[in-house]
Amino acid sequence: MSIYDTLNDKQKEAVFHTEGPLLILAGAGSGKTRVLTHRIAYLIEEKGVNPWNILAITFTNKAAAEMRERVDNLVGFGSERIWVSTFHSMCVRILRRHIALLGYDTNFTIYDTDDQKTLMRDVCKLLQIDTKIYKERMLIGTISHAKNEMLTPEEFRLQAGGDFHQKKIADVYEEYEKQLRANNALDFDDLLLKTVQLFQTQRDVLEYYQERFRYIMVDEYQDTNGVQFELVRLLASRYQNLCVVGDDDQSIYKFRGADIRNILDFEKVFTKAAVIKLEQNYRSTANILNAANAVISHNHGRKDKTLWTDNEDGDKIAFRQFDTAFDEAEYIVSDIKEHVEKGECDYQDNAILYRTNAQSRMFEEKFVTANIPYKIIGGINFYARREIKDILAYLKTVDNGQDDLAVRRIINVPKRGIGLTSINRVQEYAAMHEKGFYECLKGADLIPDIGRGVSKLESFVALIEHFKVDAKELTLHELMQEIIDETGYIESIQAESEIEAQARIENIDELLNKVVAYEEVCEEHDEPVTLSGFLEEVALVADIDNLDENSDYVVLMTLHSAKGLEFPRVYLAGMEDGLFPSYMTVTADDPDELEEERRLCYVGITRAQSELTMTCARRRMVRGETQYNKMSRFLKEVPLELISTGNKFSGSGKSLTDHADHEEPERKTDYQMARQAFKTKAFAAVQQGKSFGKPAGGKLEYGVGDRVRHIKFGEGTVLSIVEGGRDYEVTVNFDGPGTKKMFAAFAKLQKI
DNA sequence: GACTATAACATTTTT
DNA sequence: TGTTATAGTC
């Protein structure tokens, strides 16, 4: 009995087909990860391929880690030498070694979308672009697409021809590139593009990697874009052992430049390609799968395939329409609670999927008050938080002095009396002399009209230079701690807002933990701990990478983030025309956009293993105004016999809408009761100080006039205590720093 | 230069 | 609605 006996015929065929180009069309839940991992195992164990020669590219770090682990379990040894990584981290690894050949410094920084935006603002200011006409977002998007098509600014300009607008954008593109280079920075698209350019211009480098990666596998191939295709094509062009796995029905990143033709035309580009279809679904019940099939069948221009399953019918798909998004969230949360309490499932078996991140807020409130563990994936990325970006900007400045963006971010954070005028002076001076911002700071006394600002600038430079020395002597986490301490960052955020300070400090602690974790991983793998390495890891994490299967919480995320995952119980919330499919795509004249939304719906449905609930609301608040939505057209594409609207007040043979109308009066009372519960619960939470941070017991151990001690400010006398909604606001006259207002919950004052 | 009040924009999705 | 950029005031 071998490990391959558990595979079905098609899967075996895919595993055993190791030489030459291969396209695996793998429907949702058809076991494609199993095929990929077994294929790697087969290459190593049966074909004697050196693990060193295998490259597997996935979409997220999470998928990469999972694949490595599963290969590990199959082959035991040697798997750590396989390259399993995402496109972006693979490129960074290659670029760190060779980017000098393209005229960059090896410790380049990676700009995320926020940085891009800041940079674009600067560019627009410099070129005097009217951002009313040329929106920054649009400019970034256009440039990103150009990069995905591998167009240089010059080529873009040529293509623009006589078009005034396009020529203007070409100007912006050119300047944007210039600035990136001056900052020794690459944006996400550059990581791919520069790697391709490296391969195109450096024959020997390309040959080295072609020789190394004799067997290449690409997961989620339907979501690759132009550069990614070229990258893979270049790498595989020598040995042609390229195996791509994908599902055209799950292509949902067209807006980001993914080109579905990569998968549709695979056989045209690789003429000798074999094609294997995996059509048996192992994941979902027949009802769920049939619903998915029915929905996706409304799309045109698909690769021909029909997903089938041996699984039993299972429950019908539940559908519920509510009055408001509030009711919707209420229902879903209590439904989950009910199932868990009955012992039918754990929290982690449940996922709530929605179209837009904004929808998560409502659920979050409900979960907090219901005291149910939950995890929201996406939304505001951890690394996009202000305090994290600040600290990282310090690290970037220490690591790569050319990163002007980082320097300017922190030059007056915490406040050190360096204002806009000074910054602008330096900026002008730097632009005039074509020098870096930080470089100019070092010779600040040479800058005209800088006046009394000079001493402040000099002490800032001294601080950074001090950190640079530290960087050589201290470990990474010590350096970060040093930066936090020396800059007085914690005190500064405490001073501006006590309420937020606590969360921000927790985030900073979390960042410190991540540094330590990074150091440990490096140690394990016997790799050097570098600042650049940490910063790059930080730049390339997706929020989904933080999803932990071993923690018992309900998972909330967008449909996009859910791709590649599966859950026993899935809720698709906000199934409304105008929300999903989104208003943009409904009104767009391009029918392709609606098809992409439908594929998104297909992805959502096929995430469910055994139970699927779809919900919608008649009205919901969007951007401050109430929107009235009809239920999603996608819902109507699900055959009625697969749907249950059902429960106590369901009749039979009625249309979906009729049912929902009947439901309403009943729900109202439910809703009101729930609302009542919400209020009392929320209050209880305050009392316990659990979610809002009031001191346990609710009483303070000190009163007005008492002497207290604060961890940072030292000793002082309490002037007043004001009962706030959530906490006590305490005013203390400290002996040293003077009078401070703070909240009792995290001031942690001690009576003396 | 720092702080505050107002206006403007955003919401479709993100490696 | 909520955040963030800008203008205006101290």
Side-chain angles (χ1 to χ4, degrees), chain A residues 57-64 85-92 110-114 116-118 121 125 131-132 135-137 140-141 144 147-148 187-192 220 223-225 227-228 251-258 325 353-362 377-381 383-384 386 412-424 451-453 456 495-497 536 539-545 557-564 574 578-588 593-594 596-597 599-601 603-604 620-627:
Chain A
I57 305 174
T58 61
F59 223 62
T60 64
N61 295 302
K62 183 176 182 295
S85 81
T86 64
F87 270 108
H88 294 267
S89 48
M90 172 183 86
C91 289
V92 172
I110 300 165
Y111 277 2
D112 63 18
T113 24
D114 266 10
Q116 275 184 299
K117 234 161 111 193
T118 318
R121 252 200 296 280
K125 213 172 274 171
T131 48
K132 286 255 160 29
K135 294 255 181 278
E136 282 147 13
R137 263 187 52 201
I140 291 172
S144 174
K147 287 185 175 183
N148 285 169
D187 64 21
F188 283 131
D189 301 313
D190 279 340
L191 296 177
L192 306 164
E220 307 283 10
D223 287 323
T224 52
N225 61 31
V227 214
Q228 287 165 333
S251 158
I252 54 175
Y253 282 106
K254 186 181 161 207
F255 72 95
R256 214 173 62 190
L353 309 182
Y354 36 76
R355 180 67 233 268
T356 64
N357 275 313
Q359 289 167 257
S360 67
R361 180 170 273 131
M362 192 70 74
I377 306 284
I380 330 114
N381 187 310
Y383 293 101
R386 194 184 58 164
N412 199 32
V413 177
K415 302 237 155 52
R416 43 175 80 90
I418 302 173
L420 262 176
T421 9
S422 296
I423 294 174
N424 285 338
R452 53 208 155 80
K456 290 168 182 167
E496 65 188 43
S497 155
E536 126 199 347
L540 296 178
V541 287
D543 213 20
I544 193 78
D545 298 335
M557 65 186 130
T558 62
L559 289 152
H560 282 88
S561 305
K563 189 182 60 148
L579 186 65
F580 185 37
S582 83
Y583 181 73
M584 297 285 196
T585 54
V586 173
T587 50
E593 296 205 14
L594 194 71
E596 176 139 321
E597 293 278 299
R599 289 194 289 271
L600 200 50
C601 183
V603 167
R620 84 170 56 227
M621 290 282 266
V622 179
R623 284 190 264 165
E625 51 191 322
T626 307
Q627 232 176 49

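First the proteins, then the strands, lettered A, B, ... as listed; each starts at 1.
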For this session: Would you confirm whether A/His560, through its side chain, and A/Ile252, through its main-chain N or O, come within 3.5 Å as a donor-acceptor pair?
Result: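 Flag set: sc A/His560 to bb A/Ile252 pair under 3.5 Å.
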
For [X], report the nucleic acid contact type (base, sugar-phosphate, nothing); a contact means any heavy atom under 4.0 Å.
| X | answer |
| --- | --- |
| A/Arg599 | nothing |
| A/Asn357 | sugar-phosphate |
| A/Gly419 | sugar-phosphate |
| A/Arg361 | sugar-phosphate |
| A/Ser89 | nothing |
| A/Glu625 | nothing |
| A/Thr585 | nothing |
| A/Asn412 | sugar-phosphate |
| A/Lys62 | nothing |
| A/Ala358 | nothing |

Exercise. Is the CZ atom of A/Phe255 crowded by more than 12 outside heavy atoms at less than 6.0 Å?
Worked result: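 Counting other residues, nucleotides and ligands, CZ of A/Phe255 exceeds 12 neighbours.
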
I want to verify a distance call: between [options], whose nearest atom is closest to the [X] side chain?
| X | options | value |
| --- | --- | --- |
| A/Thr113 | B/dT15, B/dT11, B/dT13 | B/dT15 |
| A/Ala542 | B/dT15, B/dA2, B/dT11 | B/dT15 |
| A/Lys415 | B/dT15, B/dA2, B/dT11 | B/dA2 |
| A/Glu593 | B/dA10, B/dT12, B/dA2 | B/dT12 |

For this session: Could you go through the side-chain hydrogen bond (donor to acceptor under 3.5 Å, both in side chains) check for A/Thr356 and A/Gln359 one step at a time?
Result: CA-CA 6 Å; A/Thr356 64; A/Gln359 289 167 257; 3.1 Å; yes

Exercise. Is the aromatic ring of A/Phe255 within stacking range of B/dT13, meaning centres under 5.5 angstrom and planes under 30 degrees?
Worked result: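 By the stated criterion, A/Phe255 and B/dT13 stack.
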
Problem set entry | Residue closer to the 5' end of DNA chain B, A/Arg355 versus A/Arg416 (nearest nucleotide) | A/Arg416

Seminar exercise, completed: Residue pair A/Thr356/A/His88 against DNA chain B: nearer the 5' end by closest nucleotide is A/Thr356

For this session: Tell me, please, the opening and closing nucleotides of DNA chain C, 5' to 3', among those with an atom under 4.0 angstrom from a non-hydrogen atom of chain A.
Result: C/dT1 to C/dA5

Take the protein atom [atom1] of [X] and the nucleotide atom [atom2] of [N], then report the distance between them rounded to whole Å.
| X | N | atom1 | atom2 | value |
| --- | --- | --- | --- | --- |
| A/His560 | B/dT15 | NE2 | P | 11 Å |
| A/Lys132 | B/dA8 | NZ | C1' | 8 Å |
| A/Ile377 | B/dT14 | CD1 | C1' | 14 Å |
| A/Lys254 | B/dT12 | NZ | P | 16 Å |
| A/Ile57 | B/dT15 | CD1 | P | 17 Å |
| A/Phe188 | B/dT15 | CZ | C1' | 6 Å |
| A/Asp545 | B/dT14 | CG | P | 13 Å |
| A/Phe580 | B/dT13 | CZ | P | 13 Å |

In Å, rounded to the nearest 0.5 Å, how long is the span from [atom1] of [X] to [atom2] of [Y]?
| X | Y | atom1 | atom2 | result |
| --- | --- | --- | --- | --- |
| A/Leu540 | A/Asp545 | CG | CG | 9.5 Å |
| A/Ser251 | A/Glu220 | OG | CD | 10.5 Å |
| A/Glu536 | A/Ser89 | CD | OG | 8.0 Å |
| A/Arg137 | A/Thr131 | CZ | OG1 | 13.5 Å |
| A/Arg355 | A/Leu600 | CZ | CG | 5.5 Å |

Exercise. Under 4.0 Å between a side-chain N or O of A/Ser582 and OP1 or OP2 of B/dT11?
Worked result: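 So the side-chain polar atoms of A/Ser582 never come under 4.0 Å of the phosphate oxygens OP1 or OP2 of B/dT11.
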
For this session: Check whether any side-chain nitrogen or oxygen of A/Asn225 sits under 4.0 Å from OP1 or OP2 of B/dT15, and answer yes or no.
Result: no

Problem set entry | Nearest-angstrom distance, P atom, B/dT13 to C/dT4 | 15 Å

Exercise. Any salt bridge between A/Glu136 and A/Lys117, counting N to O under 4.0 Å?
Worked result: no

